[in-house]
Q: 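Sending over a structure as structure tokens; questions will come in a sec.
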Amino acid sequence: MPELPEVETIARSLRDGQGDTPGVVGKTITGVNMYWEGSVETPTASEFKTRIIGQTIQSVGRRAKYFVLTLSEDTLLIHLRMSGDLLVGQAGESLADHIRASFTLDDRWQLAFNNPRKFGRLWLVADTTEQFAKLGPEPFDPALTSSVFWEMLQKRSRQIKPLLLDQGFIAGMGNIYTDEALHLTRIHPLTRANQLTLPQAETLLMNIRLVLEDGIRHNGSSIDWVYRGGDHQNHFKVYDRKGKPCLVCGTPIEKKVVRQRGTHFCPTCQPSPKEEV
DNA sequence: CACGAGACCTGTTCGC
DNA sequence: TGCGAACAGGTCTCGT
């Protein structure tokens with residue numbers, strides 16, 4: 001579930017509240033239930049609990065696919081990885097089937113970390129420099145102009161799809177939005193980054209922003225049991241459309257594995273680069 | 001530096 | 001219907 005648009009959507013709902021559920025900003029963490037201690041990356045689970053209790057949530061933000069909760073003393077970072085979700089409800093309520101940790105807020109509400117596959121992690125740190133050191137630019141950073149982006153691509157010989165998934169190259173892209181952006185731009189996923197032309201780089205950056213904005217506008221994509229709320233899954237043009245006609249040219253969409261990830265593309269709109277096949 | 005494979009985990013869906 | 005295999009939105013580490 002969680003690529004940039006889903007993380008952004010959840011971050012906004014945590015900030016602004018949703019229906020009868022209030023936002024979490026301004027609330028104080030009055031208790032912690034840790035159901036799976038492996039959730040905590042740093043510090044130790046017991047230190048995490050001791051240190052976080054009593055801190056007030058001052059803001060909720062996002063960097064790459066991390067939630068950034070600024071607390072009175074520390075910063076709480078949350079990464080959902082493949083199957084996580086964050087839910088707010090009344091304290092004591094059972095919000096989902098795989099809650100690994102929950103935070104009581106003002107003795108009355110709770111913020112729950114649901115994480116079926118246990119890949120997601122929590123960090124409580126005084127300073128986020130270490131965690132964020134290797135991240136590439138945010139896709140919406142105005143400093144990321146098309147010429148900067150093209151120069152970044154020119155320096156890399158990797159295949160474009162795995163490169164876009166690399167959070168150190170650009171932050172926030174995941175499997176769905178990468179396939180969508182490449183399809184829109186008519187670039188084959190195995191094309192070498194440094195083979196792209198300047199116009200292609202410009203269009204690719206524009207389309208990366210477009211697919212992410214569309215995802216956010218639809219409140220993210222809901223697939224399987226993990227995340228409900230968004231409906232961007234109804235707007236996919238290639239992802240999860242294997243065998244179905246390309247919406248541009250009608251050719252059946254193909255799916256192949258690239259670096260262990262299911263990769264969808266239109267063989268007509270996105271012709272193979274020369275050396276590959 | 002680039003790449004493939006394997007790990008980390010659990011739940012759902014697919015194929016026979 | 002049943003059962004194992006394959007697959008899933010992410011990222012890290014190791015060996016080549």
Side-chain angles (χ1 to χ4, degrees), chain A residues 1-11 35-42 62-67 77-86 96-101 113-123 130-136 152-182 189-195 211-212 214-216 218-236 238-243 255-264 273 275-276:
Chain A
M1 172 266 286
E3 301 182 33
L4 187 152
E6 291 73 34
V7 176
E8 181 64 30
T9 299
I10 296 170
Y35 302 104
W36 188 63
E37 300 204 334
S39 300
V40 181
E41 186 72 33
T42 192
R62 178 193 62 75
R63 169 76 172 105
K65 299 172 193 170
Y66 291 86
F67 292 87
L77 298 179
I78 305 172
H79 200 303
L80 302 177
R81 296 276 167 85
M82 288 283 261
S83 63
D85 201 357
L86 291 174
D97 293 337
H98 303 280
I99 305 294
R100 307 303 181 190
F113 175 55
N114 197 50
N115 195 214
R117 288 174 72 181
K118 297 183 175 174
F119 287 168
R121 290 293 182 271
L122 310 171
W123 294 255
E130 184 189 335
Q131 284 71 32
F132 292 167
K134 292 180 182 168
L135 292 175
M152 288 163 57
L153 291 169
Q154 286 298 105
K155 288 180 198 154
R156 301 300 209 105
S157 59
R158 291 179 74 179
Q159 297 167 337
I160 188 65
K161 163 138 186 188
L163 185 63
L164 293 178
L165 288 176
D166 183 342
Q167 301 301 297
F169 181 75
I170 186 167
M173 297 296 286
N175 206 37
I176 293 176
Y177 295 92
T178 298
D179 279 3
E180 294 292 327
L182 290 174
L190 298 184
T191 309
R192 300 283 165 180
N194 56 11
Q195 299 295 304
V211 298
L212 294 176
D214 277 354
I216 293 171
H218 295 124
N219 297 314
S221 308
S222 311
I223 302 184
D224 299 339
W225 73 102
V226 184
Y227 169 73
R228 67 292 119 202
D231 72 334
H232 189 61
Q233 68 279 8
N234 300 322
H235 300 268
F236 295 160
V238 273
Y239 184 81
D240 203 25
R241 297 197 66 247
K242 178 186 174 185
K255 179 179 180 183
K256 65 183 291 185
V257 175
V258 177
R259 293 286 267 111
Q260 334 258 75
R261 309 306 302 276
T263 297
H264 313 75
E275 311 88 11
E276 324 279 349

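Just so you know, these numbers use all the heavy atoms, side chains as well, and skip hydrogens, waters and symmetry mates. Chain letters run A, B, ... following the sequence lines, proteins first and then strands; every chain starts at 1. A quick note: this is a predicted structure, and the numbers were derived from the prediction, not measured.
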Q: In terms of side-chain geometry, is the basic nitrogen of A:Lys161 or A:Asp179 positioned less than 4.0 Å from the acidic oxygen of its partner?
A: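 Yes, this pair counts.
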Q: Let me spell it out: for each of A:Tyr239 and A:Tyr66, pick the nucleotide of DNA chain C with the closest heavy atom. Which residue's pick is nearer the 5' end?
A: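 The residue mapped nearer the 5' terminus is A:Tyr239.
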Q: Looking at side-chain heavy atoms only, is the closest gap between A:Ile223 and A:Ile176 below 4.5 Å?
A: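 Sidechains of A:Ile176 and A:Ile223: in contact.
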Q: Counting C-beta onward and ignoring hydrogens, is there a side-chain heavy-atom pair between A:Tyr239 and A:Tyr177 closer than 4.5 Å?
A: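 The answer is no; the side chains never approach within 4.5 Å.
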Q: Could you list the protein-to-nucleotides 14-16 of chain C atom pairs, N/O on both sides, closer than 3.5 Å?
A:
none

Q: Any side-chain heavy atom of A:Arg62 within less than 4.5 Å of one from A:Thr9?
A: no
Q: Could you state the atom-to-atom distance from NZ of A:Lys161 to C1' of C:dG9 in whole Å?
A: 11 Å
Q: Nearest 0.5 Å please: distance from the CD1 atom of A:Ile170 over to the CE atom of A:Met152.
A: 6.0 Å
Q: Side-chain contact test, heavy atoms from C-beta onward, threshold under 4.5 Å: evaluate it for A:Val258 versus A:Gln159 and give yes or no.
A: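 They are in side-chain contact.
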Q: Less than 4.0 angstrom between a side-chain N/O of A:Lys65 and OP1 or OP2 of C:dT11, yes or no?
A: yes
Q: Please confirm whether the shortest side-chain N or O distance from A:His79 to OP1 or OP2 of C:dT11 is below 4.0 Å.
A: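 A:His79 to C:dT11 OP1/OP2: side-chain N or O found under 4.0 Å.
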Q: Using a 4.0 Å heavy-atom cut-off, write out nucleotides 2-9 of chain B from 5' to 3' as B (base contacted by protein), S (sugar-phosphate only) or - (no contact).
A: SSBBB-BB
Q: Determine the interatomic distance between P on C:dT11 and the same-named atom on B:dT12; round to the nearest Å.
A: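 Approximately 23 Å lies between the P atom of C:dT11 and that of B:dT12.
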Q: Which part of the nucleic acid does A:Lys255 contact within heavy-atom distance under 4.0 Å: base, sugar-phosphate only, or nothing?
A: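 If one applies the 4.0 Å heavy-atom cut-off, A:Lys255 turns out to touch the sugar-phosphate alone, with no base involved.
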Q: Want to settle it: does A:Leu165 or A:Gly262 sit nearer the 5' end of DNA chain C, counting the closest nucleotide to each?
A: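 Going by which nucleotide is closer to the 5' end, it is A:Gly262.
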Q: Counting only side-chain nitrogens and oxygens, does A:Arg261 get under 4.0 Å of the OP1 or OP2 atom of C:dG9?
A: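 Looking at the OP1 and OP2 atoms of C:dG9, one of them is under 4.0 Å from a side-chain N or O of A:Arg261.
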Q: Can you check whether A:Asp214 reaches A:His232 side chain to side chain, under 4.5 Å on heavy atoms?
A: yes
Q: Could you label the plane-to-plane angle of the A:His235 and A:His218 rings as parallel, tilted or perpendicular, counting under 30° as parallel and over 60° as perpendicular?
A: parallel
Q: Can you tell me which stems DNA chain B forms when a stem means 3 or more consecutive Watson-Crick or G-U pairs under 3.5 Å?
A: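 Expected stems, ordered by start: B:2-8 with C:10-16, B:10-16 with C:2-8.
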Q: Given the C1' atoms of B:dC8 and C:dC3, what is the spacing between them in whole Å?
A: 25 Å
Q: What distance separates A:Lys134 NZ from A:Asp166 CG, expressed to the nearest 0.5 Å?
A: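 A:Lys134 atom NZ to A:Asp166 atom CG measures 11.0 Å (nearest 0.5 Å).
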Q: Using the C1' atom as the reference point in each nucleotide, state the distance between B:dC3 and C:dG9 in Å, no decimals.
A: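 To the nearest whole Å, 23 Å.
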